[in-house]
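Just so you know, ligand 1 is whichever comes first in the structure, and atom 1 is the first atom listed for that ligand.
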Amino acid sequence: MGEKRILSGMQPTGSLHLGNLEVLRTWARLQHEYQMYCCIVDWHALTTLYDRTEQIGPAAREVAADYIAAGLDPNRVSIFIQSHVKEHAELHLLLSMVTPLGWLERVPTFKEKRENLQLNEESVSYGLLGYPVLQAADILVYRAHAVPVGKDQLPHLELTREIARRFNNLYGEVFPEPQSMVNEATAVIPGLDGRKMSKSYNNAIYLSDDADTVARKVNDAFTCPTKIRKTDPGIPENCVVCQLRRVYDPVGYQTSWEEDRQGVRGCVQNKRELTDILNALLDPLRARRRELLSDPESLTRYLAEGAERARALASETMQMVRKAMHL
Ligand code: TRP
């Protein structure tokens with residue numbers, strides 16, 4: 001295992017879906033090369049679930065089970081829940097003192113959340129504005145060298161670097177500037193309606209869906225609108241079922257696309273085969289996650305061990321921070 005540290009995280013705001021699984025598979029590949037910290041950011045989830053907090057704990061355990069089921073080895077990677085490592089909160093407070101308000105108001109995710117969710121005035125909390133400062137604390141408290149994330153997180157990473165730079169200029173070098181690791185090869189998974197797969201679009205296939213649910217969802221997925229009969233020539237580029245086939249059957253898809261184009265294969269066959277492919281992919285994952293969730297003690301132990309390793313490093317960083325700030 002290398003000396004470089006990487007950290008990433010996901011919010012426990014609901015079950016993870018196939019789009020999240022692609023990200024987890026990238027993390028699983030990285031675990032062999034880096035010292036890796038995978039956080040479940042329950043405090044971040046409070047920015048949207050502050051009036052439904054009872055949902056966060058169970059969701060956090062599900063995300064932990066999904067991390068492990070997707071291939072992260074809890075003995076190699078430190079998997080932990082953010083709120084179990086209080087150092088994140090202390091660093092968040094200290095970083096908030098050196099983060100100009102203007103930087104936060106300009107963050108695109110904040111502007112979007114404010115507009116898209118049509119939050120009423122009371123829902124736009126101080127915590128929501130500070131979301132990226134908490135994220136910066138998550139990263140910097142481990143003095144992480146890099147952060148594997150999706151493109152949507154790049155503005156948060158840029159802000160994290162700016163905050164690190166500001167801190168280092170004011171108090172002396174404590175934090176490396178964390179690089180973003182965007183894996184261009186990570187497939188963007190289309191949702192059942194053709195838009196990007198997302199919980200908020202209600203177009204996702206979840207890791208927790210059983211085989212019948214997957215079959216039903218695939219059956220209802222958008223296909224090429226000009227292909228009505230089997231003999232009509234299809235345009236696989238316009239068909240969600242064909243697009244998903246390409247991701248999950250990277251070799252075999254070509255023949256099926258060709259047949260689809262020539263009108264010798266219909267949507268029914270495409271859907272049946274995709275269902276089988278997805279269920280073959282998800283079966284072992286479902287089994288592993290069921291096993292983990294039915295054995296609460298070992299999941300709790302994994303999370304406790306992960307938090308302990310995380311805390312050891314985070315408390316070391318906080319000693320450096322306090323010393324640098326004369327606290
Ligand atoms: N904002 C991230 C997301 O929504 C979640 C997150 C919180 C995160 N803290 C992090 C990601 C630290 C990477 C590193 O996906």
Salt-bridge contact [X]-[Y] (side-chain N to carboxylate O under 4.0 Å):
X: Glu291; Y: Arg288; answer: yes
X: Lys230; Y: Glu259; answer: no
X: Lys111; Y: Glu105; answer: no
X: Asp210; Y: Arg286; answer: no

**Item:** Side-chain H-bond candidate by donor/acceptor type, Glu273 with Gln269, under 3.5 Å
**Value:**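 There is such a pair between these side chains.
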
**Message:** Just by distance, no angles: are the side chains of Gln243 and Glu237 close enough, under 3.5 Å, to form a donor-acceptor pair?
**Reply:**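 Result is no, nothing qualifies.
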
Identity and separation of the nearest protein heavy atom to [atom]:
atom: atom 14 (C) of ligand 1; answer: Leu7 CD2, 3.6 Å
atom: atom 10 (C) of ligand 1; answer: Gln135 CG, 3.4 Å
atom: atom 2 (C) of ligand 1; answer: Gln153 OE1, 3.3 Å

Suppose I only count heavy atoms of [X] and a 4.0 Å limit; which atoms of ligand 1 are within that range?
X: Ser8; result: 13 (C), 14 (C)
X: Val147; result: 13 (C), 14 (C)
X: Ile139; result: 12 (C), 14 (C)
X: Val41; result: 7 (C), 9 (N)
X: Gln11; result: 4 (O)
X: Val149; result: 13 (C)

**Request:** May I ask you to check if Arg195 and Tyr201 form a cation-pi contact, with NZ or CZ under 6.0 angstrom from the six-membered ring centre and within 45° of the axis?
**Result:**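 That pair qualifies as a cation-pi contact.
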
**Asked** Any cation-pi pair here, Lys113 with Tyr131, using under 6.0 Å and within 45°?
**Response**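 Yes, a cation-pi geometry holds between Lys113 and Tyr131.
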
**Asked** Is Tyr131 in polar range of ligand 1, meaning some N or O pair under 3.5 Å apart?
**Response**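 It does: an N or O of Tyr131 is found under 3.5 Å from an N or O of ligand 1.
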
**Request:** Measure from atom 9 (N) of ligand 1 to every heavy atom in Leu140, Asn20, Asp138 and give the option owning the shortest one.
**Result:**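 That would be Asp138.
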
